[in-house]
Each structure stands twice: as C-alpha cells, then as structure tokens.
K.L.:
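So that we are looking at the same thing, I have put the structure below in structure tokens.
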Protein chains: 2
Amino acid sequence: MATGRTHRPATRSRGIPEATVARLPLYLRALTALSERSVPTVSSEELAAAAGVNSAKLRKDFSYLGSYGTRGVGYDVEYLVYQISRELGLTQDWPVVIVGIGNLGAALANYGGFASRGFRVAALIDADPGMAGKPVAGIPVQHTDELEKIIQDDGVSIGVIATPAGAAQQVCDRLVAAGVTSILNFAPTVLNVPEGVDVRKVDLSIELQILAFHEQRKAGEEAGAGADGAVPPVAARKQPHSTDQGPDGDVPAVMPA
Amino acid sequence: MATGRTHRPATRSRGIPEATVARLPLYLRALTALSERSVPTVSSEELAAAAGVNSAKLRKDFSYLGSYGTRGVGYDVEYLVYQISRELGLTQDWPVVIVGIGNLGAALANYGGFASRGFRVAALIDADPGMAGKPVAGIPVQHTDELEKIIQDDGVSIGVIATPAGAAQQVCDRLVAAGVTSILNFAPTVLNVPEGVDVRKVDLSIELQILAFHEQRKAGEEAGAGADGAVPPVAARKQPHSTDQGPDGDVPAVMPA
DNA sequence: CCATCTTTGTGCACGCGTTCACAAAGACAT
DNA sequence: ATGTCTTTGTGAACGCGTGCACAAAGATGG
Ligand SMILES: NC(=O)c1ccc[n+]([C@@H]2O[C@H](COP(=O)([O-])OP(=O)(O)OC[C@H]3O[C@@H](n4cnc5c(N)ncnc54)[C@H](O)[C@@H]3O)[C@@H](O)[C@H]2O)c1
Ligand SMILES: NC(=O)c1ccc[n+]([C@@H]2O[C@H](COP(=O)([O-])OP(=O)(O)OC[C@H]3O[C@@H](n4cnc5c(N)ncnc54)[C@H](O)[C@@H]3O)[C@@H](O)[C@H]2O)c1
C-alpha cells in the first residue's frame, strides 16, 4: 500500500504558472481551429474571445512562453500552434494505458480526442478474464497480469484509471511500481502516490454537486428576494431524501454555544 | 467593452468561497464512508487525511458553514453529513437530462454515482431518430424534439451535454431557452451562455495535456538539455467512428508546421 | 525619414486562497 | 472545582492569479 505523502507542492513548473499551463490547451484548441481556416494571424483580443478568457490574461500567459507576438499585428497562428504544442510536450508521442474497460473505460477507448493530439492508446487492461482478447475500439483487451510488462515494454508513463473505486488504489500502486508517473483518475477516490507522481482526477459527481450548490443558491435568492417574477426554476419539492436512519440523527438547526 | 455585462463576479456565493464549495463534496464522500462504518466522531486531522487536504484548510472550510465541531473531540459525523448535504442542496431531488447518448452519454447514464446523491436521470436525449425508444440503462432514449417538453414538465434545471463538439452550442442554447440554468459540458467547446447560467466543463483532452506537460518537464530535468524541438510530430488523424452522419466531430488534429 | 496607429508585453495593485500558529473552548480526570 | 489535555476556530501573513492601464515596439502610410 502506498504510504507516502500525497500532496503536490504547487509545482512551480519552470517558471510557467500552473494556471497558465491549464489554459494552454484551450488556446491550442482555438488556434487549431483558426489554422484550419487558414487564418494567418490573430490578435490577443480575438483569440481570447475564442478561448473564452480575458485578453490581458492571454497575453500574460504567452509572455511566459516568450515574445512570440508582433506588436501592431498579433500572433502568427501556425507558429504559436507549434510553440504551444512543443511547450505542452505534444510534439512527441505519449503511449497511454487505460485500466478498467467498463462503461467509462470503453467510452474513453473509443474517444477520438485521445489520438487527435500526441496520445496513443498503448493498451486496454481489465481484471475480468472473460474480457481478455475481446476487442474494444479495435484494440484487444489484455488481462491485468500483463500490466507491468506492457508498461515497461512500451515505456508508458501515463495511466488512466477507470476501475471501480475499490480497486483504484491497488491499480494505482501497480501502475506506479511499474513506472507510470502520471495518472488520470476517474474513480471517486483519493489516490495516495509517492512524490514525483502526478495525479489529476475527473470526478463527475463533484461537478454535479457544485452545480447543485449554485442552483440552490439561485433558487433561494429569487424566492427570497421578491415574488417569483421571472421563470421560476421550479426546483420543485424540497423533499429530504434518505438520511433517514438517525434516531435523532439529523437534528435540524440547533446551534451549540 | 464598457458594457456593464462582463463575466459574473463569481465568488460571492453567500459568503462561502468557491474553493470551499469545490471541496465540500470531497469531505462529504469521506464522511459518508465513516458514517457507513458507524464512526461517531472524527477530528479535523483524520478527516483531512481521508479527504487528501490540509487540516487547517478543512477547519477553515467548515468555519464558513458554522461551528459544528466540539473542541477536544472533533466533529459529529452524522451531523456534519447532514449539514454539508443541506449546504450543497443534496437534500432535494435534482432531475438531470443527458443530451447525446453516444459512447460517453451511455456511460454516464449507466453511472451509479448519479443516483447515489440527489441526482436523478430524468431523460436521455439524442438527435439520432434510430435511437428513439431504445433503452439505455433502463431508460428509453427520447428524440431531441421532446427536449423542451421534458425540461418544462419535469422542472429540469441541470443539463449534461455529451454530444459532438459541433452540436454543443446549439444544444446548449436549446437547453437554456427551455429553462436549464446549470450545464455540465463534456464537449470540447467553449459554451456561450447568458448571465445567470452556470457552466462547468469536463475536458479529458485538457487533463491529458496538462499531465503531458509535467511529464515532459520531469523527463527533461532528468536528461538535462533535451534534444527535441524539431521532432516531427505524428499527425495522428482522428478516426471518428461516428455511426451517424451527424455534424462534424471534434477538432481535427493539425500538425504544427 | 517621420508621423500615426495598432497591439503587444508588463508593472502594479488588489483580492482570493492557503497555511501557520495560537488562544479559547470544552472534555476528562482528580 | 480545579487542572490538564486535546482540538477547534480564526487572526494574520504570505503567495498566487487576475485584470487594469500604459509605455514601448513595430507596422503602415505619406
Ligand atoms: N460511467 C461513468 O459515467 C462514470 C463517471 C464518472 C466516474 N466513473 C467512475 O469510473 C469508474 C468506472 O465506471 P464504469 O461505469 O465504467 O464501471 P464498470 O463497472 O462498468 O467498469 C469497471 C471495469 O473495471 C474492471 N475492473 C475491476 N477491478 C479491476 C482491477 N483491479 N483491475 C483492472 N480492472 C478492474 C471491471 O472488470 C470492469 O470492466 C468507477 O469508479 C466510476 O465511479 C464512472
Ligand atoms: N468518449 C469519451 O470518452 C469522451 C471523453 C471526453 C469528451 N468526450 C466528448 O463527449 C462528446 C461525446 O463523445 P462520444 O464519444 O460519446 O461521441 P459519440 O459520437 O459516440 O456520441 C455522440 C452522440 O450525440 C448524438 N448527437 C449528435 N448531435 C446531436 C444533437 N444535436 N442533439 C442531440 N444529440 C446529438 C449523436 O447521435 C451520438 O449518439 C464529444 O464531444 C467528445 O469530444 C468524449
């Protein structure tokens, strides 16, 4: 079991702020679209609008990469596409393994967005023996036993976990032990990894809960502020579901102190 | 510019910082696990470890909700579960529509994590007429024509978009026009929405690119001055397996020059 | 070559988020 | 009651990210 520390120390990645790194793929996507339309240059204002960000922020982001713009004109689209691609490491090929080929894993395997950049699905791995050999998205699923061999043979450094939550940590440990140093985790679990290993998580449930919070707030404000004038969001019934087991477990609003 | 209608100031969610809201689901998950094991109380230190965050941060987060802890003891698990659930709006039922029942949409429909909290799949919607009536995860897929009716009848305020990128904005517009005010977007596009509508996006491609960036940095540091930079990237052409003649898919890849 | 106009690149201020450190609050023992 | 011990709740410092505003750079036209 992993016993090491978990937190990533805000990684100052060679002077490029983390927030900027997270936006580079966004710029790259907008630039790629422009490139396809053979647009030669683009101003920070236009590109920012396409990427959905502030133009000053975009210029500052680019300033971390260098001075690739021309004052009075803007940025050369093709050149910028190349520079960002290189900065992100997309000019090289990244073999990726997906572990857990269920509903989600199969969808990921079929996802074209993988291959569209430098990412290549090196292998699909599942613990279910009945699945071994079965092709998904044209790639035969391999058994978990092969995991270490595949990773070492193909030099895989990026792993995607799409197993049930209960298996995620165990899978993670095996991936790391075999040499994987970047993990994209779809299972709703906090992964424990040694230092030097990056973990990013995608958690659908959390996203929905955040939306629900704001949704509730919106409904509450409207209802409380004035008479429902506009289209009532119709949050409908306010039925406390489940959570029903406490003898007096859910004591409503009784503040201590 | 100078229109008073810039992006929402955000962060003013009833005094609770946005960063805190984003962590509440994390705490809730950890607390739920403790609750299932019938653990009565938990200290900030223990809970923070389970949620993968700093204990001081956790205490400050909880302080925004109120003083729910007992000094010298910790937090009452059941009580805290209830308080966070209520704060997030999970004590009520949230009907959700999923639009675009392809690989990803079907996986989402099958995802148990939806129903585990207050979220209920109200409808599955797809533009493909051949799909209408076909059951996915026990729910019959309905045609896009029904979209407005479903949203209004069920009082749906949260929509999930899992269509190809080219259709996302159009679907988004229809959702918003019909009354949806929160959108979870899986398509790799910047959605344009009127004020008052919340959009959160989940972008797998971006996550991978961020991982690749750090991966490259790690490799570069070890190997010293890398020699790459002019390596011709593999122009992996996206191979859409789209079974229908729908609108174009994702952003096709273009090789940087 | 000079003037003008456009747009970049960035200094600076500000606000949010994180973390430390500790006094206060309460549990528990005597 | 009193003292000790544990843990919360938070004041304060700090760092990061954001956006404004503008000088400098370069294109363009005369
Ligand atoms: N389906 C979704 O839309 C969705 C969304 C968000 C998160 N998730 C999460 O993603 C994960 C997968 O979801 P799913 O719907 O695809 O589940 P699933 O049950 O359909 O698939 C899980 C797969 O993992 C395999 N597996 C189990 N243990 C394994 C192990 N130790 N090693 C390798 N493979 C193993 C199983 O054989 C199965 O094929 C879950 O953790 C889920 O919570 C799913
Ligand atoms: N598959 C993945 O793992 C994955 C991961 C991340 C993002 N995405 C994105 O999610 C989206 C869906 O991916 P997918 O793999 O499921 O694609 P898909 O082609 O399998 O499914 C798309 C579905 O949307 C339907 N559709 C098309 N236009 C529509 C419209 N106007 N209204 C309603 N339905 C419409 C199609 O009929 C099809 O069933 C894409 O934008 C993709 O980039 C997918």
Side-chain angles (χ1 to χ4, degrees), chain A residues 5-24 26-27 31 39-77 79-80 83-84 210 255-257, chain B residues 1-24 26-27 31 39-77 79-80 83 210:
Chain A
R5 286 273 64 114
T6 304
H7 310 298
R8 129 189 47 201
T11 321
R12 182 186 305 282
S13 305
R14 201 198 62 186
I16 300 184
E18 192 59 28
T20 294
V21 173
R23 282 188 293 268
L24 289 182
L26 225 53
Y27 303 144
L31 285 165
V39 177
T41 61
V42 64
S43 72
S44 65
E45 202 71 49
E46 293 167 320
L47 185 55
V53 302
N54 182 291
S55 69
K57 194 187 296 184
L58 178 143
R59 287 197 298 274
K60 181 148 290 191
D61 283 341
F62 285 175
S63 78
Y64 292 115
L65 307 184
S67 292
Y68 294 148
T70 304
R71 298 178 188 222
V73 176
Y75 298 91
D76 182 281
V77 171
Y79 187 59
L80 202 47
Q83 289 299 340
I84 295 180
I210 295 172
M255 289 309 91
Chain B
M1 48 171 85
T3 61
R5 196 141 58 80
T6 47
H7 289 289
R8 70 167 187 269
T11 59
R12 189 174 301 152
S13 304
R14 220 282 303 275
I16 299 184
E18 192 59 28
T20 295
V21 173
R23 280 188 295 268
L24 290 182
L26 224 53
Y27 303 144
L31 285 164
V39 177
T41 62
V42 65
S43 71
S44 64
E45 202 69 49
E46 292 167 320
L47 185 54
V53 303
N54 182 292
S55 69
K57 193 187 295 184
L58 178 142
R59 287 198 299 276
K60 179 144 289 189
D61 283 341
F62 286 175
S63 77
Y64 293 116
L65 308 183
S67 292
Y68 294 149
T70 304
R71 297 178 188 223
V73 175
Y75 299 90
D76 182 282
V77 172
Y79 187 59
L80 202 48
Q83 290 298 340
I210 295 173

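Remember, it's a predicted structure, so these values are computed and weren't measured experimentally. Residue numbers begin at 1 in each chain, while the letters A, B, ... track the order of the sequences.
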K.L.:
Between D61(A) and G74(B), which residue's closest nucleotide on DNA chain D lies nearer the 5′ terminus?
P.N.:
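Per heavy-atom nearest nucleotide, the more 5' residue is G74(B).
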K.L.:
Minimum heavy-atom separation for V77(A) and L31(A), please, with both atom names.
P.N.:
CG1-O, 3.6 Å
K.L.:
For a quick check, tell me whether the side chain of R71(B) and the base of dT7(D) share a donor-acceptor pair closer than 3.5 Å.
P.N.:
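Check fails, no donor-acceptor contact within cut-off.
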K.L.:
Would you name the heavy atoms of L47(A) and L58(A) that are closest together and state the gap between them?
P.N.:
CG-CD1, 3.7 Å
K.L.:
Starting from the 5' end of DNA chain D, give me the residue, A19(A) or G72(A), whose nearest nucleotide shows up first.
P.N.:
A19(A)
K.L.:
Take the protein atom OH of Y75(A) and the nucleotide atom C1' of dA27(D), then report the distance between them rounded to whole Å.
P.N.:
16 Å
K.L.:
What is the separation between atom CD on E18(B) and atom P on dG17(D), rounded to the nearest whole Å?
P.N.:
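Atom CD in E18(B) sits about 17 Å away from atom P in dG17(D).
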K.L.:
Please tell me which of the listed nucleotides, dC20(D), dG9(C), dA21(C), lies nearest to the side chain of A56(B)?
P.N.:
dA21(C)
K.L.:
Please report, rounded to the nearest Å, how far the C1' atom of dT6(C) is from the CZ atom of R59(A).
P.N.:
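Rounded to whole Å, this separation is 12 Å.
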K.L.:
Please determine if a side-chain N or O atom of T70(B) lies less than 4.0 Å away from the OP1 or OP2 oxygen of dG26(C).
P.N.:
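Looking at the OP1 and OP2 atoms of dG26(C), neither is under 4.0 Å from any side-chain N or O of T70(B).
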K.L.:
For T20(B) and K60(B): C-alpha separation, side-chain torsions, deciding distance, then whether side-chain contact (heavy atoms from CB on, under 4.5 Å) applies.
P.N.:
CA-CA 9 Å; T20(B) 295; K60(B) 179 144 289 189; over 6 Å; no
K.L.:
From CG of D76(B) over to C1' of dA27(C), roughly how many Å is that when rounded to an integer?
P.N.:
15 Å
K.L.:
Name the closest nucleotide to the N54(A) side chain, picking from dT19(C), dG19(D), dG9(C).
P.N.:
dG19(D)
K.L.:
Taking atom types as they are modelled, is there a donor-acceptor pair under 3.5 Å from the base of dT18(C) to the side chain of K60(B)?
P.N.:
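By the distance-only test, no, there is no pair.
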K.L.:
In this structure, which one of Y27(A), F62(A), Y79(A) forms a ring pair (Phe, Tyr, Trp, His ring centres under 6.0 Å) with Y68(A)?
P.N.:
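Testing each of Y27(A), F62(A), Y79(A) against Y68(A), the sole residue satisfying ring pair (Phe, Tyr, Trp, His ring centres under 6.0 Å) is Y79(A).
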K.L.:
Could you tell me the separation between the CD1 atom of I16(A) and the P atom of dG17(D), rounded to a whole number of Å?
P.N.:
12 Å
K.L.:
Looking only at the side chain of K57(A) (C-beta and beyond, no hydrogens), which of the listed nucleotides dC22(C), dG19(D), dT10(C) gets closest?
P.N.:
dG19(D)
K.L.:
Does F62(B) reach a base, just sugar-phosphate, or nothing at all? Heavy atoms under 4.0 Å.
P.N.:
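Result for F62(B) = nothing.
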K.L.:
Grab the OH-P distance between Y68(B) and dG26(C) for me, whole Å please.
P.N.:
16 Å
K.L.:
L58(B) has an atom CG; how far is it from atom C1' of dT10(D), in whole Å?
P.N.:
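About 14 Å, once rounded to whole Å.
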K.L.:
Send over the distance from L65(A) CG to dT8(C) P, rounded to a whole Å.
P.N.:
15 Å
K.L.:
Please report the closest heavy-atom contact between Y75(A) and S44(A), naming both atoms and the distance.
P.N.:
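Where Y75(A) meets S44(A) most closely, the heavy atoms are CE1-CB, 4.0 Å.
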